Amino acid sequence: MKIAVYGSGYVGLVTAVCLADLKNQVTCIDIDESKISNLNKGLVPFFEPGLDELIQKNKSRLNFTIDAKSNLKSAEIIFIAVGTPQRPDGSAELKYVFQVVEDLSHNLTDNQLIVIKSTVPPGTCQAAEEIIKKNFSGKFAVLSNPEFLRQGSAIYDFMNPDRVVIGTSKESASKLLAKLYAPLKCPIVTTDLISSELIKYASNSFLATKISFINSIANLSEKVGANIDDIAKGMGLDKRIGPLFLKAGIGYGGSCFPKDVKALLNISQTNNIDFKILKAVDEVNESQRLIPLQKLEAKLTLKNANIAVLGLAFKPDTDDLREAPSLTILKSLLAKGAKIKAWDPVAEEKVREIYQEVIYCPSPYEALEDADALIIITEWPQVKNLNLTKVKNLMRNPLIIDGRNVLNKKQATKLGITYLGIGR
Ligand code: UGA
């Protein structure tokens with residue numbers, strides 16, 4: 001099929017490239033000229049494993065442009081995957097979505113599908129329909145098609161979805177979109193527009209709830225002397241609970257969970273629903289990221305202490321720093337006079353722009369030299385596989401705060417390291 005995708009961020013670009021890999025002809029449209037010019041040179045604007053290679057492989061089926069007008073007419077399906085950032089009141093900023101809708105409404109031809117992939121509150125697709133109707137008198141359909149890919153495993157997630165959700169008020173339109181996804185051989189949930197829009201917020205908020213729940217159990221575990229790893233295992237084997245998203249740590253970050261939880265709270269408030277559980281999910285997450293600092297301060301004075309920080313990205317396999325716990329932790333450590341050496345394989349450059357006072361090291365071991373404490377923030381494989389004997393020998397004071405519960409506590413303790421995890 002001929003496809004156009006507005007927005008070359010994580011969701012838009014991954015969608016475009018994967019659809020090209022499924023043998024569709026795809027045009028990526030973005031207003032950012034430098035991004036488009038870089039993409040035309042094969043330069044990807046963010047770190048996502050495998051994406052460069054997939055762009056190269058499919059370059060004959062991909063076109064990157066800022067010129068929407070001349071590229072829209074031939075598209076059978078037009079995806080909108082622009083950002084919906086958080087407004088100060090927690091609601092989703094929809095101006096980028098509506099700008100695109102307004103823009104394309106002047107350039108449509110009959111029978112095109114306009115598919116909103118951006119995470120948008122209930123009613124947005126209907127509002128988009130109204131905007132288009134004002135400027136275009138032909139036949140068209142607006143569909144909702146939320147995306148569930150994760151940064152760091154985006155290509156795998158797109159190609160192997162648990163389900164595809166299609167919201168529409170026109171059955172024939174959903175059939176055409178379902179045809180596009182047919183090669184993925186997954187269940188397709190077809191629903192009305194509003195339910196589809198809400199499925200995305202409900203899914204992300206439910207996963208965030210699982211994380212805040214297990215983090216609360218982890219905090220309790222610590223008090224009563226239980227082990228959160230065993231608890232998560234014992235709970236997760238119950239099929240009704242499931243083992244995923246039960247990893248305790250310093251809370252969720254990224255561009256999605258914090259934003260979507262707040263947006264769903266805002267949507268609930270607007271509709272006079274007091275979504276108590278979700279408020280708690282958000283609060284638990286805010287306090288969870290401060291735990292490494294509390295543990296550290298209970299053990300040493302931060303002024304002039306050498307602190308090694310391993311991992312800066314909000315999770316492994318991404319250079320994304322949005323809502324990354326590392327930013328809160330670095331800020332606090334610096335304010336308290338600590339000297340920081342940090343390491344991250346891909347996010348370092350971006351953090352360097354914010355915190356020039358930090359020394360950035362080319363390897364985890366270099367960050368550990370003469371350290372009075374180590375804080376683990378991101379569970380990169382290089383961190384998981386640290387040689388603990390080497391760690392102990394490099395540190396001035398062997399104290400580890402493992403914010404992701406990735407090191408072997410028994411081994412660390414045996415070596416004489418003071419090991420503090422989350423709930424273990
Ligand atoms: C999340 C969802 O998982 C995707 O399905 C969704 O499409 C995406 O948001 C989005 O809305 O675009 P993402 O934020 O990329 O994906 O990353 P996740 O792997 O879900 O991790 C989110 C955060 O939760 C990370 O900070 C991670 O460290 C944390 N997490 C995850 C835990 O603390 N414990 C866990 O057990 C799992």
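Computed from a predicted structure; not experimentally measured. These numbers come from the heavy atoms of this one structure, side chains and all, not from hydrogens, waters or symmetry mates.
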Below 4.0 angstrom, N of the basic side chain to O of the carboxylate: do [X] and [Y] qualify?
X: Glu147; Y: Lys117; result: yes
X: Glu379; Y: Lys384; result: no
X: Glu323; Y: Arg289; result: yes
X: Asp110; Y: Lys139; result: no
X: Lys409; Y: Asp402; result: no
X: Arg352; Y: Glu348; result: yes
X: Lys350; Y: Glu353; result: no
X: Glu357; Y: Lys331; result: no

field: Verdict with supporting geometry, Leu388 and Ile400, side chain to side chain contact (heavy atoms under 4.5 Å, CB included)
entry: CA-CA 10 Å; Leu388 287 176; Ile400 298 181; 4.2 Å; yes

With a 4.5 Å limit on heavy-atom distance, are the side chains of [X] and [Y] in contact?
X: Val17; Y: Leu51; result: yes
X: Ile267; Y: Gln269; result: no
X: Leu19; Y: Met1; result: no
X: Lys262; Y: Asp282; result: yes
X: Leu143; Y: Ile114; result: no

message: Surrounding CD of Glu171 (heavy atoms of other residues, nucleotides or ligands, distance under 6.0 Å), is the total greater than 12?
response: no

field: Enclosure of Lys23 NZ (heavy-atom neighbours >12, cutoff 6.0 Å)
entry: yes

task: Measure from NZ or CZ of Lys200 to the centre of the six-membered ring of Phe148 and say whether it is under 6.0 Å with the direction within 45° of the ring axis.
output: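 Positive - Lys200 is close enough to the ring of Phe148 and near enough to its axis.
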
- request: May I ask you to check if Arg322 and Phe314 form a cation-pi contact, with NZ or CZ under 6.0 angstrom from the six-membered ring centre and within 45° of the axis?
  value: no

- prompt: Once you round to the nearest 0.5 Å, how far does CD1 of Ile422 lie from CD of Glu222?
  reply: 6.5 Å

message: Tell me if the centroids of the rings in Tyr6 and Phe79 come within less than 6.0 Å of each other.
response: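 No: the rings miss the under 6.0 Å criterion.
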
task: Begin from the C-alpha positions of Glu93 and Arg87 and carry the test salt bridge (charged side-chain N to carboxylate O under 4.0 Å, His left out) through to its verdict.
output: CA-CA 6 Å; Glu93 175 59 81; Arg87 288 201 198 109; 3.4 Å; yes

